[in-house]
J.: 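Below you'll find the structure I mean.
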Amino acid sequence: STDISNWQKAYSCYADVLRALSKEGKTFGLYELDEWFQKSLPLNLKSRPEPCLTREELLKLMQWKLTRGKFRPRLTELVQQNSSDEVESISKSAIAALPNLENAIKTLTQLKAVGPATASAILCAAAPHVAPFMADEAVLAVPDLGKLDYSLKQYLKYAQKIREKAAELNALRKSK
């Protein structure tokens, strides 16, 4: 849609939907995790001389991602195998590679249990204007992307389409 009011209405419901989901079953605590992801994590990253993710932040980010999407218990176990040094070094290199999304994603996927979707979440926290999060429902809502595929190729197509839509909406907003 190019109707900015539709986008604003959808965004205005976001917190209420998360609060409702947060009170039940597998999504218990989602609102608090999302607040951390949207607000605290970006500030943490920006507060460091060289932005990077800590191991603890990676573990919490994985908890956030699995709470909001499909639960994959094996990922929780695998992500814990990354050392603090690995997480900090690799995430620092990846964030420094931005705006080159391809290099940044390839760098982050060197970490255990970090595929393109999790890598996109890390990069989104560091630079949301460059790296959109590859949420299942968002990918499925983008026309012409085909079926959900957690590949670098699909992520790069998705990111390009999201940036194009953002540019289109910003141009419309400025023209009014």
Side-chain angles (χ1 to χ4, degrees), residues 1-27 29-46 51 53 60-72 91 94-109 114-176:
S1 168
T2 56
D3 185 340
I4 294 170
S5 67
N6 287 340
W7 289 91
Q8 290 169 331
K9 285 176 194 168
Y11 181 71
S12 71
C13 297
Y14 183 76
D16 291 336
V17 170
L18 284 182
R19 277 190 200 96
L21 287 172
S22 250
K23 295 177 182 173
E24 56 190 56
K26 79 170 193 81
T27 55
L30 177 59
Y31 179 78
E32 293 77 11
L33 286 167
D34 198 74
E35 283 284 300
W36 169 82
F37 177 78
Q38 299 282 344
K39 296 177 181 171
S40 301
L41 181 58
L43 291 175
N44 292 350
L45 294 172
K46 287 179 176 92
L53 201 66
K60 191 167 184 176
L61 183 138
M62 185 63 78
Q63 179 187 5
W64 165 80
K65 183 179 170 278
L66 295 176
T67 300
R68 70 180 313 282
K70 292 180 185 163
F71 185 66
R72 297 176 178 96
S91 65
I95 294 167
L98 292 172
N100 187 323
L101 277 178
E102 184 172 356
N103 286 347
I105 296 282
K106 283 180 178 177
T107 300
L108 283 168
T109 56
V114 175
T118 303
S120 76
I122 295 166
L123 297 173
C124 182
H129 58 287
V130 176
F133 171 51
M134 188 182 194
D136 294 357
E137 63 279 2
V139 174
L140 292 170
V142 174
D144 304 321
L145 280 183
K147 67 180 182 74
L148 188 59
D149 170 19
Y150 299 103
S151 68
L152 175 60
K153 181 179 177 183
Q154 188 176 43
Y155 175 70
L156 294 174
K157 285 182 191 175
Y158 164 75
Q160 183 59 39
K161 291 205 175 258
I162 294 296
R163 284 193 302 272
E164 288 168 4
K165 179 54 80 174
E168 177 186 12
L169 292 172
N170 280 329
L172 286 169
R173 186 178 51 83
K174 288 177 184 174
S175 70
K176 291 188 179 195

J.: How far apart are the closest heavy atoms of Thr109 and Gly115, and which atoms are they?
T.: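 Nearest heavy atoms, Thr109 then Gly115: CG2-C, 3.6 Å.
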J.: Please find the pair of heavy atoms, one from Ala104 and one from Leu123, that lie closest to each other, and give the distance.
T.: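 What the structure gives for the nearest pair is CB-CD1, 3.6 Å.
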J.: Quick one: NZ on Lys157 to CG on Asp144, what's the gap to the nearest 0.5 Å?
T.: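 Lys157 NZ to Asp144 CG: 10.0 Å, rounded to 0.5 Å.
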J.: Please report the closest heavy-atom contact between Arg19 and Asp16, naming both atoms and the distance.
T.: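 Answer, listing the atom of Arg19 first, then Asp16: NH1-OD1, 3.1 Å.
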J.: Looking at Lys46, Lys39, Gln38, which hits side-chain contact (heavy atoms from CB on, under 4.5 Å) with Pro42?
T.: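 That would be Lys46.
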J.: Measuring from atom CG of Leu108 to atom CG of Asn103, what distance do you get when rounded to the nearest 0.5 angstrom?
T.: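 If I round to the nearest 0.5 Å, the distance is 11.0 Å.
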J.: First locate atom CE of Met62, then atom OG1 of Thr118, and finally report the distance between them rounded to the nearest 0.5 Å.
T.: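 Rounded to the nearest 0.5 Å, the CE-OG1 separation comes to 4.0 Å.
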J.: Using every non-hydrogen atom in the two residues, find where Leu172 and Thr2 come nearest and quote the distance to one decimal.
T.: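 It is CD1-O, 3.4 Å.
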J.: After noting the C-alpha distance and the side-chain angles of Trp36 and Leu61, does the key distance pass the side-chain contact (heavy atoms from CB on, under 4.5 Å) rule?
T.: CA-CA 9 Å; Trp36 169 82; Leu61 183 138; 4.2 Å; yes
J.: Do side-chain atoms of Lys165 reach the backbone of Ser1 as a donor and acceptor pair under 3.5 angstrom?
T.: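 At least one qualifying donor-acceptor pair exists.
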J.: Would you check if Gln63 and Thr67 make a side-chain contact, meaning some heavy-atom pair closer than 4.5 Å?
T.: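 Side-chain contact under 4.5 Å: yes.
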J.: Hey, what do you get for CG (Leu41) to CG (Leu45), rounding to the nearest 0.5 Å?
T.: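 Answer for the CG-CG pair, Leu41 versus Leu45, is 4.5 Å.
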J.: Donor-acceptor check, side chain of Gln154 to backbone of Leu148, threshold 3.5 angstrom: yes or no?
T.: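 Not a single qualifying donor-acceptor pair exists.
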J.: Distance from Leu30 atom CG to Leu66 atom CG, nearest 0.5 Å?
T.: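 If we round to the nearest 0.5 Å, Leu30:CG and Leu66:CG are 11.5 Å apart.
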J.: Please give me the minimum heavy-atom distance between Val114 and Ala119, naming the atom from each residue.
T.: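 Reported closest heavy-atom pair: CG1-N, 3.8 Å.
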J.: Would you call the rings of Tyr158 and Tyr155 parallel, tilted or perpendicular, where under 30° means parallel and over 60° means perpendicular?
T.: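 The rings of Tyr158 and Tyr155 sit tilted, inter-plane angle from 30° to 60°.
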J.: What are the two closest heavy atoms between Ile162 and Pro132, and how far apart are they?
T.: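 Residues Ile162 and Pro132, closest heavy atoms: CG2-CB, 3.9 Å.
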J.: On the 0 to 90° scale, with breaks at 30° and 60°, tag the Trp64-Phe37 ring pair as parallel, tilted or perpendicular.
T.: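 Taking Phe37 first and then Trp64, their aromatic rings lie parallel (interplane angle under 30°).
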J.: Rounded to the nearest 0.5 Å, what's the gap from CG on Leu101 to CD on Gln160? Could you check?
T.: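 With rounding to 0.5 Å, CG (Leu101) is 9.5 Å from CD (Gln160).
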